[in-house]
Engineer: 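Would you mind keeping the following structure in view while I ask a few things?
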Amino acid sequence: MYHFYAMLSRMKYINRWGLMRNTRSENICEHSLDVAVIAHALALLRNTRFGGSVNPERAAVLAMFHDVTEILTGDLPTPVKYDNPEIRQAYRRVEEMAQQRLLALLPKDLRRAYEPLICESEPGDEELYPLVKAADKISALIKCVEERGMGNAEFHRAEQAQRETILAMNLPEAECFLTEFLPSYELTLDEQDLPGEEPDPVNPQKK
């Protein structure tokens, strides 16, 4: 009996933003799917608009697994994690131990396939890691935008910090996402018109 996939299913029990007052809680399972979707989009944007040749599907898979160690470590609040280099190095060692514990839950013949995903160690993925990182930050920014939209001022400074961090990455794909796609997250469902739906010239409100 092997416990790897059952352990991954516990991602839904690990909540993010532990120090913040949340209008709606967010777990790392939800977050990882969001990051995977956004990383896939950033890779597509790179290939379509900026002359890249990266693998969007690989970017999505890397994003799916980017936070799995938090099943064992929990989501350490950012102010603690980055407070000083010693804490960051110690936490990195804890992450590495968690990576190995997760891999040990797999049959030996599958570990080789999962190690690059969990440990970010596959040659050739280097170009994708910044996209996954940017997707992670964009997902966090979206969370801040949504909380603000629900009247929660708790995330005001976090929103500013996330946006500044993303822009500092100097990734045109990420900036493109912020310009073209992020504003839609501030709209209501009725305002998010589906592609191909033209307004009725007589009654613009009619669907």
Side-chain angles (χ1 to χ4, degrees), residues 4-5 8 11 16 26-71 75 78 81-82 88 92 95-96 98-100 102-103 106-146 159-187 192-197:
F4 180 77
Y5 300 106
L8 290 192
M11 291 171 70
R16 289 166 48 81
E26 177 190 48
N27 62 57
I28 63 171
C29 188
E30 297 170 311
H31 170 67
S32 295
L33 176 59
D34 286 343
V35 177
V37 170
I38 297 167
H40 186 270
L42 296 183
L44 285 176
L45 286 168
R46 172 167 292 188
N47 292 347
T48 304
R49 300 187 182 180
F50 303 105
S53 58
V54 298
N55 186 331
E57 289 75 25
R58 180 69 176 178
V61 173
L62 289 171
M64 283 172 51
F65 286 88
H66 83 285
D67 271 348
V68 293
T69 56
E70 292 185 4
I71 300 167
D75 179 35
T78 297
K81 186 186 298 185
Y82 298 104
R88 178 58 186 151
R92 181 57 189 164
E95 286 181 320
E96 291 170 354
Q99 290 168 355
Q100 296 307 313
L102 287 172
L103 290 171
L106 282 162
K108 289 183 179 180
D109 58 345
L110 294 182
R111 291 177 194 174
R112 187 172 180 180
Y114 279 95
E115 184 174 6
L117 302 177
I118 294 175
C119 302
E120 296 188 350
S121 58
E122 183 77 355
D125 284 343
E126 294 85 356
E127 192 174 359
L128 294 175
Y129 296 142
L131 298 182
V132 173
K133 184 67 174 178
D136 184 33
K137 296 299 183 182
I138 291 173
S139 175
L141 176 58
I142 290 168
K143 164 69 172 174
C144 296
V145 168
E146 291 175 340
E159 180 179 348
Q160 291 179 321
Q162 295 294 339
R163 192 182 297 271
E164 290 170 1
T165 297
I166 295 164
L167 294 176
M169 292 178 176
N170 294 317
L171 292 174
E173 308 85 1
E175 295 176 20
C176 179
F177 194 97
L178 296 190
T179 300
E180 298 186 28
F181 301 106
L182 183 65
S184 181
Y185 289 85
E186 301 193 56
L187 302 180
Q192 294 169 334
D193 291 336
L194 296 176
E197 286 193 345

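For reference, positions follow the sequence shown, starting with 1.
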Engineer: With rounding to the nearest 0.5 angstrom, report the CG to CD distance, L128 to E57.
Structural biologist: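 The distance works out to 10.5 Å.
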
Engineer: If I compare all heavy atoms of L102 with all of V68, which pair ends up nearest, and what's the gap?
Structural biologist: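 For L102 and V68, the tightest heavy-atom pair comes out as CD1-O, 3.7 Å.
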
Engineer: Would you call R92 and E95 a salt bridge, using N to O less than 4.0 angstrom?
Structural biologist: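 Yes, R92 and E95 are salt-bridged.
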
Engineer: Which distance, rounded to the nearest 0.5 Å, do you find between the CD1 of I142 and the NZ of K137?
Structural biologist: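 Result: 13.5 Å between the selected atoms.
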
Engineer: So, for F177 and L45, which heavy atoms are closest and what is the spacing to 0.1 Å?
Structural biologist: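 That would be N-CD1, 4.5 Å.
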
Engineer: Quick check: closest heavy atoms across G52 and N47, and the distance to 0.1 Å?
Structural biologist: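 So the minimum-distance heavy-atom pair works out to C-OD1, 3.0 Å.
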
Engineer: Roughly how far apart are R112 CZ and L106 CG, rounded to 0.5 Å?
Structural biologist: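 R112 atom CZ to L106 atom CG measures 14.5 Å (nearest 0.5 Å).
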
Engineer: Within a strict 4.5 Å, meaning less than it, do heavy atoms of the P116 and R58 side chains meet?
Structural biologist: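 Sidechains of R58 and P116: in contact.
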
Engineer: Could you state the interatomic distance from CD (E175) to CG (L42), rounded to the nearest 0.5 Å?
Structural biologist: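 It comes to 11.5 Å.
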
Engineer: Taking side chain as C-beta onward, heavy atoms only, is S32 less than 4.5 Å from M64?
Structural biologist: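 SC-SC contact between S32 and M64 ruled out.
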
Engineer: Look at the side chain of Y185 and the backbone N and O of V145, then say whether any donor-acceptor pair between them is shorter than 3.5 Å.
Structural biologist: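 Such a contact is absent between Y185 side chain and V145 backbone.
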
Engineer: Kindly determine whether L182 and R163 satisfy side chain to side chain contact (heavy atoms under 4.5 Å, CB included), including the steps that lead there.
Structural biologist: CA-CA 11 Å; L182 183 65; R163 192 182 297 271; 3.8 Å; yes

Engineer: Do you know which two heavy atoms are closest between A174 and A134, and how far apart they sit?
Structural biologist: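 The pair with the smallest heavy-atom distance is CB-CB, 4.3 Å.
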
Engineer: Report the distance from atom CE of M11 to atom CG of L33, rounding to the nearest 0.5 Å.
Structural biologist: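 That separation rounds to 10.0 Å.
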
Engineer: Considering non-hydrogen atoms only, spot the tightest contact between L178 and I166 and give its length.
Structural biologist: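 Shortest heavy-atom contact: CD1-CG2, 3.8 Å.
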
Engineer: Between Q160 and C144, does the side chain to side chain contact (heavy atoms under 4.5 Å, CB included) criterion hold? Intermediate values first, please.
Structural biologist: CA-CA 9 Å; Q160 291 179 321; C144 296; over 6 Å; no

Engineer: Enter the distance from D136:CG to H66:NE2 here, rounded to the nearest 0.5 Å.
Structural biologist: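 Interatomic distance, D136 CG to H66 NE2, rounded to 0.5 Å: 4.0 Å.
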
Engineer: Using the side chain to side chain contact (heavy atoms under 4.5 Å, CB included) rule, take K143 and D34 through it: C-alpha gap first, then chi angles, then the decisive distance, then the call.
Structural biologist: CA-CA 10 Å; K143 164 69 172 174; D34 286 343; over 6 Å; no

Engineer: Say whether, by atom type as modelled, one donor and one acceptor occur between the side chain of E115 and the main chain of L103 under 3.5 angstrom.
Structural biologist: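 It does not hold such a pair.
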
Engineer: Passes side chain to side chain contact (heavy atoms under 4.5 Å, CB included), L171 versus R46? Steps please.
Structural biologist: CA-CA 9 Å; L171 292 174; R46 172 167 292 188; 3.6 Å; yes

Engineer: Minimum heavy-atom separation for V132 and A59, please, with both atom names.
Structural biologist: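 Shortest heavy-atom contact: CG2-O, 3.8 Å.
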
Engineer: As a test of understanding, state which of R16, Q162, H31, E30 forms a side chain to side chain donor-acceptor pair (under 3.5 Å) with S139.
Structural biologist: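 Exactly one pass, corresponding to H31.
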
